[in-house]
Amino acid sequence: MTEPVLSLKGVEKLFGSFRALGPVDLVVGAGERLGIIGPNGSGKTTLINCITGVYQPDKGSVYFEGRDISHLQAHKRARMGIARSFQIPRPFTGMTVFENLLVPLDYCHVEGSKQERARAVLASVGLSGRSSDPSEKLTQLELRKLELARALVGNPKVLIADEAMAGLSEEEIDEVLAILLALNRSGVAVIMIEHIMHAVMRFSQRVVCFETGRLIAAGTSSEIAENPLVQKVYFGE
Amino acid sequence: MRKNSLVFLAGIVIVLALGFLMPWLLRNPFYFFAGYVVLQYVTIATGWNILGGYAGYINFGAAGFFGAGVYLSAFLFTTFGLPLPLCILAAAIVGAILGVLMGYLTLRIQGVYFAIATLGLVVVLETIVHNISGLGGASGMAVYGPRPPAWSPGPSQYNFTVMLVIAVVSVALARWVEISWIGRGLRAVRASEDAAECSGVPTLRLKLVACALSGAVLAAAGAPYPFYTSFVEPVTAFSLIIGLNAIAMPLIGGTRTWVGPVIGALLLASVQQIATVTISSELNILFVGAVLIAFVAFAPGGISDLFGRNKGRARS
Amino acid sequence: MLSIDILLNAIVTGILLGSVYASLALGLGITFGILHIPNIAHPTLVVAGAFFVYTLAQWGLDPIVAAVIGLVPFYLLGVVLYAFYSAVFERKGGANVLQSLTLFFGLSLVIEILLSLGFGSELKSVSVSYIGSSLKLGVLTVPYRLLIPALLAPVTIAAVWFYLSRTNSGTAIRAVAHEERALSIAGLNPASVKRHAFGIATATAVIAGAALIMVGPIEPFAGRYQIGRVFAIVVLAGMGSIPGSLVIAIIIGIAEALVSSYLNPSWSPGVAFAILLLGLALRPQGLFGAAR
């Protein structure tokens with residue numbers, strides 16, 4: 001049994017007196033496909049921010065491949081192999097699509113030349129044709145692809161996709177799913193936070209549900225779908 | 001990319017050659033007085049832009065760094081007789097330290113606090129200088145400059161040439177930062193700091209580097225000033241118009257590349273040099289202030305943007 | 001060396017001075033602390049308020065009366081400023097904080113120059129009958145020129161704080177920074193709420209200006225010496241905490257008075273800034289505000 005890629009033990013995050021998260025225990029196995037669901041405000045984004053280092057947990061610890069990273073700065077965690085895409089895409093405006101991918105490559109070690117790696121990743125997400133276009137001029141789907149491309153260009157060990165499919169059509173959702181599945185096949189763990197139920201259920205090996213900062217249910221897709229707690233959270237009593 | 005660098009290098013050589021030759025060709029020292037000021041502002045605008053334009057962190061206290069350079073240089077020369085090039089170097093080092101200090105204290109929070117702290121910095125530095133009698137206090141300090149070396153026909157021409165070298169070095173530095181991985185990281189920080197951090201960019205470290213370089217250039221711009229005027233006083237060394245121009249010139253010329261501040265400085269400084277003869281310094285500030293507001297409101301990308309040199313949205 | 005007399009007088013002076021600073025910071029506490037609009041032109045507006053009071057005082061009006069008269073024109077000025085600000089930035093879909101800072105910076109310089117052109121650069125003061133003498137309480141000597149303005153401040157602060165916490169429009173102001181959608185659902189126009197808030201903030205500037213000119217003479221560029229103090233107060237008190245700003249202002253006032261008495265008055269402009277930097281280094285979120 002290999003070391004889990006991520007492990008959270010008793011992680012809590014408070015803002016003043018407001019408890020945004022926790023305590024949370026969560027383990028993500030190497031190469032796993034984990035889905036995270038839960039209503040808005042249930043702490044999913046806070047969770048990601050604690051994992052990626054945007055926030056430091058007030059209590060508890062975050063482990064990456066067995067190593068305690070709880071107080072490590074975000075950029076160091078990114079270099080270690082924790083990648084994320086943002087809910088609302090944040091392209092590096094003022095730079096071309098290609099340059100966007102060069103930025104992480106300045107800091108993450110990859111084999112071969114940076115330019116080749118960037119080109120290869122662009123091709124894998126279908127953005128080769130937009131390589132020299134300014135990143136401000138992309139469509140919604142292309143922006144989301146760029147988000148993902150930028151996240152995976154540095155060969156991460158785990159990718160956190162935060163609502164990467166919000167606002168997309170069915171075909172576009174399939175495209176993004178294909179990218180994530182291909183990535184997972186190469187050994188990268190993928191954590192998918194989504195509201196689009198059929199996508200999460202199809203994609204994930206395991207699903208966890210959050211509510212008001214706590215993990216209230218965990219299981220396979222079908223187990224979660226039938227879980228009364230989850231149903232209550234989404235549909236009310 | 002290589003070709004561009006060679007072209008740039010050739011350009012530098014030509015500019016420097018002209019700069020060293022002109023004193024022997026033009027007899028009227030006025031050109032060198034005015035030219036000094038224009039070059040000073042090219043340096044100031046370029047230095048400001050390394051942090052303000054590339055990283056998007058606005059420094060309202062450029063006058064603080066400039067004045068610090070002025071007084072350090074004056075002090076080192078009058079007290080220790082340090083030769084001018086060393087005074088400039090010392091000013092640059094102190095400017096860098098000041099920049100890093102400011103940055104470290106305020107950049108960990110938000111960019112707004114950095115900007116506001118720089119406003120206060122000018123007052124603080126001016127207060128300190130006021131209170132140190134060794135620096136002449138409010139009434140100022142006279143500086144008897146070094147004799148110009150043999151290859152320069154006179155003091156005003158010598159100062160001009162010195163300032164030219166400083167300007168060229170600053171612009172070359174800004175260009176190097178811009179095309180290097182530092183510039184790329186700073187652009188990422190400017191576009192989206194969170195996304196940059198999560199992409200592995202050490203945002204704080206890069207911002208501090210930009211603070212150091214910016215502070216160094218701004219202070220270096222002030223180092224030859226005591227020899228240019230032969231007299232330094234807090235009011236002019238920490239003058240309002242310096243801080244204002246430092247922002248207005250890159251804003252007008254364009255903040256994305258090294259070319260913008262140069263254009264903005266050449267334009268605005270020349271206009272001001274011509275105008276100083278005819279209008280009061282207050283009206284000058286009014287004019288620049290109004291121009292600044294106009295550009296911020298209607299053309300935040302500056303002239304470079306207006307002419308389509310860089311099609312890109314300003315930082316949002 | 002450490003005479004109790006000097007110490008007590010310094011502390012009392014500091015408290016009074018701090019109170020005046022708090023009234024200066026009040027408007028900024030509203031625009032920057034609550035609305036998150038970095039109006040660094042506020043200290044200059046206070047100076048403009050002081051000149052307004054000065055002008056009316058030349059016609060024999062009492063400064064406090066002048067300030068009350070100035071409330072409406074300055075409120076309108078605030079409304080106009082906000083309209084300009086939002087026209088410029090809202091057009092582009094939201095304000096870039098640093099661009100708006102630059103806008104206000106340019107504005108403050110323009111206002112200062114206009115004041116300078118209009119009034120000249122010499123110091124101006126007002127002479128009022130009750131200013132000039134002092135209240136003697138045992139070992140304490142409290143000059144009226146400090147006492148009266150210092151009393152103005154808590155009154156204004158209390159009034160504004162009461163307005164913000166107890167009235168509907170006040171609550172709307174407090175909410176508008178982060179709850180724009182909720183407000184529009186409730187039928188309120190966020191833009192007009194902000195406009196109103198900006199107007200109130202600018203109206204406080206004329207009161208603070210009256211306080212300032214009663215304490216001592218002013219010149220057009222006096223604003224820049226206040227910026228350090230005013231921002232130290234707003235930032236260290238934590239964004240949006242108006243009662244907290246009074247506490248911080250008094251701390252700064254006392255620190256300045258002590259430095260003035262024991263070192264040299266000319267060091268005092270730097271005191272607030274030093275406190276600000278220290279505070280930021282130790283506790284970035286301020287002493288009273290919520291952690292980020």
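Letters go in sequence order (proteins before strands), and every chain restarts at 1.
Only the side chain of Leu117(C) comes within contact range of chain B, judged by heavy atoms closer than 4.5 Å. Phe221(C) touches chain B through its side chain: at least one heavy atom from C-beta onward sits under 4.5 Å away, while N, CA, C and O do not. Both the backbone and the side chain of Ile128(B) come within contact range of chain C, with heavy atoms under 4.5 Å apart. Leu286(B) touches chain C through backbone and side chain together, each having a heavy atom under 4.5 Å away. Both the backbone and the side chain of Leu121(B) come within contact range of chain C, each with at least one heavy atom under 4.5 Å from a heavy atom of that chain. For Leu244(B), the parts sitting under 4.5 Å from any heavy atom of chain C are the backbone and the side chain alike. For a residue to count as touching a neighbouring chain, one of its non-hydrogen atoms must lie under 4.5 Å from one of that chain's; by this rule Ile247(B) touches chain C with the side chain only.
In this structure, Phe238(B) and Tyr71(B) have parallel ring planes: the angle between them is below the 30° cut-off, well short of the 60° mark.
Here the side chain of Lys124(C) pairs no donor or acceptor atom with the backbone of Tyr54(C) at under 3.5 angstrom. Using modelled atom types, no side-chain atom of Thr255(B) and backbone atom of Leu251(B) make a donor-acceptor pair closer than 3.5 Å. Distance alone, capped at 3.5 Å, is enough to place a donor-acceptor pair between the Trp48(B) side chain and the Asn59(B) backbone.
The candidate with the highest count of non-hydrogen atom pairs below 4.5 Å against chain C, out of Leu240(B), Thr127(B), Ile285(B), Leu292(B), is Leu240(B). Considering only heavy-atom pairs separated by less than 4.5 Å from chain C, the leading option among Val124(B), Asn131(B), Val291(B), Leu101(B) is Asn131(B).
Donor-acceptor pairing under 3.5 Å is lacking for the side chains of Tyr41(B) and Gln272(B).
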Problem set entry | Steps toward side chain to side chain contact (heavy atoms under 4.5 Å, CB included) verdict (Phe198(C), Tyr85(C)) | CA-CA 11 Å; Phe198(C) 215 89; Tyr85(C) 163 83; 5.7 Å; no
For this session: Start with the C-alpha distance between Tyr82(C) and Ile37(C), add both sets of side-chain angles, then the distance that settles side chain to side chain contact (heavy atoms under 4.5 Å, CB included), and finish with yes or no.
Result: CA-CA 10 Å; Tyr82(C) 179 76; Ile37(C) 298 177; 3.8 Å; yes
